[in-house]
There are 2 protein chains.
Amino acid sequence: MTESSRKSAYGDAEARRRMTLDAAAELLDEGGYAALTIRSVAQRSGTSTGLIYQYFADKQEIFIALLGESQTESAAFVEALPRDRGVAALIASVIPQTARQWVRVGRLIATWRTVEGDARYERESVAEVRETTRLYNEALRSALIEAASKEGRCLRDDPALLPFVLSGLMGISDTLVNNWPTDVDPSDLIDFAAEAITRGITAPDTAGQPGPATA
Amino acid sequence: MTESSRKSAYGDAEARRRMTLDAAAELLDEGGYAALTIRSVAQRSGTSTGLIYQYFADKQEIFIALLGESQTESAAFVEALPRDRGVAALIASVIPQTARQWVRVGRLIATWRTVEGDARYERESVAEVRETTRLYNEALRSALIEAASKEGRCLRDDPALLPFVLSGLMGISDTLVNNWPTDVDPSDLIDFAAEAITRGITAPDTAGQPGPATA
DNA sequence: ACCTGAACACCGTTCAAGT
DNA sequence: ACCTGAACACCGTTCAAGT
């Protein structure tokens with residue numbers, strides 16, 4: 001029997017963590033942030049409030065774990081995306097995925113600082129999330145570069161490019177999820193945003209048509 | 001004595017409302033969302049928790065009032081902005097203003113739905129905020145159109161344009177306020193974003209240089 | 001050794017009691 | 001007539017007590 005499969009007389013720690021996270025995600029999807037209480041998580045995952053605190057230091061820690069998983073999932077999604085349909089198509093595919101994650105986890109990001117105040121946040125779990133964030137960012141950067149090059153185009157060379165794209169995805173996702181503008185079709189917004197962001201981040205064509213250089 | 005200057009033996013209702021909102025805004029600026037409790041608002045504005053509920057139906061109503069004031073202020077800011085320095089310069093000026101408002105009020109927007117659940121929200125105050133939102137949006141639209149025309153350029157004709165710009169401003173503001181990317185200078189992000197959004201929303205020049213048509 | 005849930009210090013909100 | 005603040009039903013979190 002390996003170390004990792006060790007179970008207690010009452011339950012497997014890893015499985016218990018998983019059940020807690022699954023219950024939290026379900027509650028979030030069903031009833032939003034307001035429905036996510038420690039008591040309801042405990043009830044749904046079949047434990048007690050006290051026991052949850054043996055696997056998570058506090059409620060924030062549950063958010064952080066969910067956020068990390070969401071980012072890892074998004075990174076895999078981006079890595080699997082086809083590169084051969086151009087930058088705008090790539091971005092148009094990423095937007096709905098971002099929005100989907102935003103429903104569950106975006107509020108948490110938004111509430112994070114807010115709830116914490118300034119709290120110097122040097123928990124280990126935060127460092128882990130920073131790493132998954134980095135992996136997601138790199139996945140997106142590669143995807144953009146590759147999609148551009150398949151189109152015979154170049155991305156602008158600016159360190160602010162990726163933060164701009166990430167900010168844009170976030171803003172559009174928030175707009176889609178909360179549907180602020182009532183008079184525009186979501187898919188029209190997605191298409192316009194994808195093309196506008198693409199115009200924003202690609203370098204001007206040297207020639208008129210994509211293809212080998214010199215007209 | 002006019003109707004509007006009517007005061008009670010104990011205090012002026014309008015003044016009391018004002019003091020409540022000022023106290024709420026101060027608490028928000030000082031300690032973030034977590035510091036904004038009804039008890040602390042009551043203490044700071046020199047009333048009691050009970051009395052606050054005579055002027056605001058609930059805590060959300062305080063947010064909504066703050067949000068409306070913030071939007072009105074932003075609309076005035078945008079209207080006062082010079083048009084003669086081009087679209088990108090205009091946007092670069094709007095970003096810090098949006099970010100400033102975002103610190104105070106953005107969280108509230110983000111938390112709104114979240115806190116409410118789906119609650120069919122047909123309070124009068126929400127209708128008012130919708131109106132101030134509309135006024136802000138129109139101010140921004142006019143400013144963009146005028147700045148473009150002074151440059152001899154045109155905005156793209158698409159109903160998704162304004163929602164895209166608003167989403168972008170929101171996303172960038174959130175990134176600035178929470179400084180997600182640690183390795184990029186905020187003012188570099190602002191400049192890049194302003195230019196990228198401009199490239200995204202302006203129609204391609206017919207001629208090379210701005211100026212009268214035909215090259 | 002592991003797990004529970006009453007207890008604690010908060011929160012938003014109400015309403016009987018004071019002035 | 002206007003105002004207060006104890007009381008209520010929650011929340012996140014802890015820890016004595018159970019098994």
Nucleotide nearest B/Tyr55 when distance is taken to its side chain, options C/dC3, C/dG12, D/dC3: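 The answer is D/dC3.
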Rounded to the nearest Å, what distance is computed from the [atom1] atom of residue [X] to the [atom2] atom of nucleotide [N]?
X	N	atom1	atom2	result
B/Arg39	D/dG5	CZ	P	12 Å
A/Gln54	D/dT13	CD	C1'	14 Å
B/Ile38	D/dA9	CD1	P	20 Å
A/Gln43	C/dC3	CD	P	19 Å
A/Lys59	D/dG12	NZ	P	4 Å
A/Phe56	C/dC3	CZ	P	14 Å

DNA chain C contacts made by residues 44-53 of chain B, counting heavy atoms under 4.0 Å: B/Thr49, B/Gly50, B/Tyr53
A/Lys150 atom NZ, neighbour heavy-atom count above 12 within 6.0 Å: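 Open.
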Under 4.0 angstrom between A/Arg16 side-chain N/O and C/dC3 OP1 or OP2: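 Answer yes for this pair, as a side-chain N or O of A/Arg16 is under 4.0 Å from OP1 or OP2.
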Salt bridge flag under 4.0 Å for residues A/Glu61 and A/Arg17: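 Salt bridge flag = no for A/Arg17 with A/Glu61.
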Residues A/Arg44, A/Glu30: salt bridge by 4.0 Å N-O rule: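 A salt bridge links A/Arg44 with A/Glu30.
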Contiguous Watson-Crick or G-U pair runs (3 or more, under 3.5 Å) in DNA chain C: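 Stems found: C:4-8 with D:12-16, C:12-16 with D:4-8.
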pair B/Val129-B/Gln71: side-chain heavy atoms closer than 4.5 Å: yes
Partner residues of A/Arg141 under the salt bridge (charged side-chain N to carboxylate O under 4.0 Å, His left out) criterion, sequence neighbours left out: A/Glu138
Partners meeting salt bridge (charged side-chain N to carboxylate O under 4.0 Å, His left out) with B/Glu128 (sequence neighbours left out): none
Pairs touching residues 32-41 of chain A that satisfy salt bridge (Lys or Arg N to Asp or Glu O under 4.0 Å), sequence neighbours left out: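 As it turns out, there is no salt bridge (Lys or Arg N to Asp or Glu O under 4.0 Å) pair with a partner in residues 32-41 of chain A once direct neighbours are skipped.
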Nearest-0.5 Å distance that lies between atom CD in B/Glu195 and atom CD1 in B/Ile91: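 Reported value, rounded in 0.5 Å steps: 10.0 Å.
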Listed partners of B/Thr98 passing side-chain contact (heavy atoms from CB on, under 4.5 Å), at least two apart: B/Val94, B/Tyr136, B/Leu169, B/Ser173
